[in-house]
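Below is one structure, written out as structure tokens; the observations come after it.
Because only heavy atoms are used, hydrogens play no part in the values below, and waters and symmetry mates are left out as well, while side chains stay in. If you read the sequence from its start, that first residue is 1, and numbering goes on from there.
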Amino acid sequence: MDIILKGTKPELDMPYFGRQSRFYEFFDKCIEPLMSENGIYAETNSGSVSNAFKFAKKGYKVIVNDISVYSNSIAKAVLSDEKTDEIENNNWITNYTKTYVDRAALFGGLIKKYGYNPITPDTLPEDLKKYIEEYKEHLTNIKNQNVRAYKIYNLDLFKYLDKLEEDKIQVDVMFMDFAWPWRDGTQTDEYDTTANVFADILKIKNEKVKIWDRSNVIDEVIKAVKKAQKVSKYVLLSNQSSNFPTPELLEVALLKNGLNYNIRHTMLTDAEYEDDLGKCDFFREYLYVIDGNIRK
């Protein structure tokens, strides 16, 4: 499938670097034929949680995972009824840590005001307060739809895949879209904010996430796909034209490691609503459908 689509804002609309709003309609066309009735849709890295929410709303069992404290807060804010642990920051931030809705809204507001290198001011500016309250209202409206995840994890990528195998959880589709390096091979520092910096803001102990670059990304992706095959009927590996490795490098690496994809779907779309960085006007999306080890 090779199509051109215009990006659209998702129903669950939270600021997040690299969010997949351009992907929704395209993904529907690719994924629906692979899902069984009441099947399980899982993600390795859930980002803004927009895709997971959409598929949970469709009635599928959804498994969400992300080691990012921001992503995990969004997931638990809208897809669970879990309570937070108490956090005392001794400043205004404490008022926005009492629920996962509060936490996700706080992070969303900080990104909207300061971008992907947020500061935490000593006093709360009025515009930041307004942004946070807007996100709280948005997240509460989503939560009140009573759409819930099957399972939510807050684990390192490989520990998560091992956990699924250990617990004998088998999924129809495992969707994998990583913090790919930029096209020149440098790491995407924006992911360091959502994965590590926000944990520091809340003074939460968090397993530090190493953001991949050209020196390790291919090896890590191969390792992740092979682990995902053990618990999946299909593994869907997503990459974009703005990233390293190029499709040619990635495809050769897949084939050399015995990962023969059934089909490569591609989509060209404008970059509206994507990352707010203005680095690209258009993206080409590549989606590789790889057989898993679970009998279909």
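- Between I74 and M14, the shortest heavy-atom distance links the atoms CD1-CB, 4.0 Å.
- With rounding to the nearest 0.5 angstrom, the CG atom of L254 is 11.0 Å from the CG atom of L249.
- The existence of a salt bridge linking E32 and K58 is confirmed by a sub-4.0 Å separation between a basic side-chain nitrogen and an acidic carboxylate oxygen.
- Side-chain polar atoms of D291 and N262 form a donor-acceptor pair below 3.5 angstrom.
- Counting only distance, with no hydrogens or angles, the side chain of N45 and the backbone of G47 share no donor-acceptor pair below 3.5 Å.
- Residues N243 and T188 have side chains not in contact (no heavy-atom distance under 4.5 Å, counting atoms from C-beta outward).
- Contact check for V147 versus F53: side-chain heavy atoms found under the 4.5 Å cut-off.
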(request) Assess whether side chain to side chain contact (heavy atoms under 4.5 Å, CB included) is satisfied between T84 and R103, documenting all intermediate values. (result) CA-CA 9 Å; T84 62; R103 292 185 188 184; 3.4 Å; yes
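- Using a 4.5 Å cut-off on side-chain heavy atoms (C-beta onward), R183 and T246 make contact.
- The cluster map of Ile, Leu, Val, Met, Phe, Trp and Tyr, joined by side-chain heavy atoms under 4.5 Å apart, puts I132 and F107 in the same cluster.
- Atom CG of L12 is separated from atom CG of N51 by 10.0 Å, given to the nearest 0.5 angstrom.
- Judged by the 6.0 Å and 45° rule, R214 forms a cation-pi pair with F244.
- In this structure, K113 places its NZ atom where more than 12 heavy-atom neighbours from other residues, nucleotides or ligands lie under 6.0 Å away.
- Between the side chain of D66 and the backbone N or O of S46, at least one donor-acceptor pair lies under 3.5 Å.
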(message) Under the criterion side chain to side chain contact (heavy atoms under 4.5 Å, CB included), I'd like the reasoning laid out for L287 against T266: C-alpha separation, chi angles, the key distance, then a yes or no.
(response) CA-CA 6 Å; L287 182 64; T266 61; over 6 Å; no
(request) Please test V62 against F55 for side chain to side chain contact (heavy atoms under 4.5 Å, CB included), starting from the C-alpha separation and ending with a verdict. (result) CA-CA 7 Å; V62 167; F55 279 93; 4.1 Å; yes
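- Between Y131 and Y114, the ring center distance fails the sub-6.0 Å criterion.
- In the hydrophobic clustering of this structure, I294 does not group with L236; members are Ile, Leu, Val, Met, Phe, Trp, Tyr whose side-chain heavy atoms approach within less than 4.5 Å, directly or through other members.
- A donor-acceptor pair under 3.5 Å is formed between the side chain of N239 and the backbone N or O of P245.
- Within a 6.0 Å sphere centred on CD of E137, heavy atoms belonging to other residues, nucleotides or ligands number 12 at most.
- The pair K54-D28 counts as a salt bridge, with a side-chain nitrogen and a carboxylate oxygen less than 4.0 angstrom apart.
- D184 places a side-chain N or O within donor-acceptor distance of the main-chain N or O of T186, the cut-off being under 3.5 Å.
- Atoms CD and CG, on E285 and L268 in that order, are 10.5 Å from each other to the nearest 0.5 Å.
- Remark: R264 fails to qualify as a cation-pi partner of Y261 under the 6.0 Å distance and 45° angle criteria applied to the six-membered ring.
- Checking side-chain atoms of T97 against main-chain N and O of T94 turns up a donor-acceptor pair under 3.5 Å.
- Nearest heavy atom pair, residue L161 against residue V231, reads O-CG1, 4.4 Å.
- Nearest heavy atom pair, residue I152 against residue S80, reads CD1-CB, 3.8 Å.
- Cluster annotation: Y100 and V64 are assigned to distinct hydrophobic clusters (Ile/Leu/Val/Met/Phe/Trp/Tyr, side-chain heavy-atom contacts under 4.5 Å, transitive).
- Between S242 atom OG and W182 atom CH2 the span is 5.5 Å, to the nearest 0.5 Å.
- The closest side-chain donor-acceptor pair between Q145 and E11 falls under 3.5 angstrom.
- Contact detail for L139 and A104: the closest heavy-atom pair is CD1-CB, 3.6 Å.
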(request) Begin from the C-alpha positions of Y286 and E251 and carry the test side-chain hydrogen bond (donor to acceptor under 3.5 Å, both in side chains) through to its verdict. (result) CA-CA 11 Å; Y286 298 86; E251 289 165 19; over 6 Å; no
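- Here the side chains of L255 and N260 are in contact, with some heavy-atom distance below 4.5 Å.
- Side-chain atoms of K151 do not come within 3.5 Å of backbone N or O of I63 as any donor-acceptor pair.
- Taking the ring-ring contact (aromatic ring centres under 6.0 Å, His included) definition, one finds that F178 meets it with W180, W212, sequence neighbours left out.
- Contact of the D13 side chain with the P10 side chain is registered, since non-hydrogen atoms from C-beta on lie closer than 4.5 Å.
- Ring pair F26/H265 is perpendicular by interplanar angle, where above 60° counts as perpendicular and below 30° as parallel.
- Shown here for V235 and M176, the closest heavy-atom pair between the two residues is CG1-SD, 3.2 Å.
- One finds a salt bridge joining D81 and R148 here, because a Lys/Arg side-chain nitrogen approaches an Asp/Glu carboxylate oxygen to under 4.0 Å.
- To the nearest 0.5 Å, the span separating CG on L34 from OH on Y41 amounts to 11.5 Å.
- L79 and Y160 end up in different hydrophobic clusters when Ile, Leu, Val, Met, Phe, Trp and Tyr side chains are linked at under 4.5 Å.
- Note on ring orientation: taking the six-membered ring where Trp is involved, the planes of W92 and Y96 are perpendicular (angle over 60°, cut-offs 30° and 60°).
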(request) Give the intermediate values and the outcome of ring pair (Phe, Tyr, Trp, His ring centres under 6.0 Å) for residues F175 and F27. (result) CA-CA 10 Å; F175 176 60; F27 193 45; 4.8 Å; yes
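- Across every non-hydrogen atom of N65 and L155, the tightest pair is OD1-N, 3.1 Å.
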(message) Let's go through L259 and K226 carefully: what are the C-alpha distance in whole Å and the side-chain angles of both, what is the deciding distance for side chain to side chain contact (heavy atoms under 4.5 Å, CB included) to 0.1 Å, and is it a yes or a no?
(response) CA-CA 8 Å; L259 298 173; K226 288 187 174 182; 4.1 Å; yes
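- In this structure, L157 is a member of the same hydrophobic cluster as V171, with clusters built from ILVMFWY side-chain heavy atoms closer than 4.5 Å.
- Under a 4.0 Å N-O distance rule, the pair E126/K130 does not qualify as a salt bridge.
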(message) Please evaluate residues D172 and S36 with respect to the criterion side-chain hydrogen bond (donor to acceptor under 3.5 Å, both in side chains), reporting the C-alpha separation (whole Å), side-chain torsions for both, the decisive distance (0.1 Å), and the verdict.
(response) CA-CA 7 Å; D172 289 71; S36 60; 2.7 Å; yes
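- Between atom CG of residue N72 and atom CG of residue N154 there is a gap of 3.5 Å, rounded to the nearest 0.5 Å.
- Between K223 and D219 there is no salt bridge, since none of the side-chain N atoms of the basic residue sits less than 4.0 Å from a carboxylate O of the acidic one.
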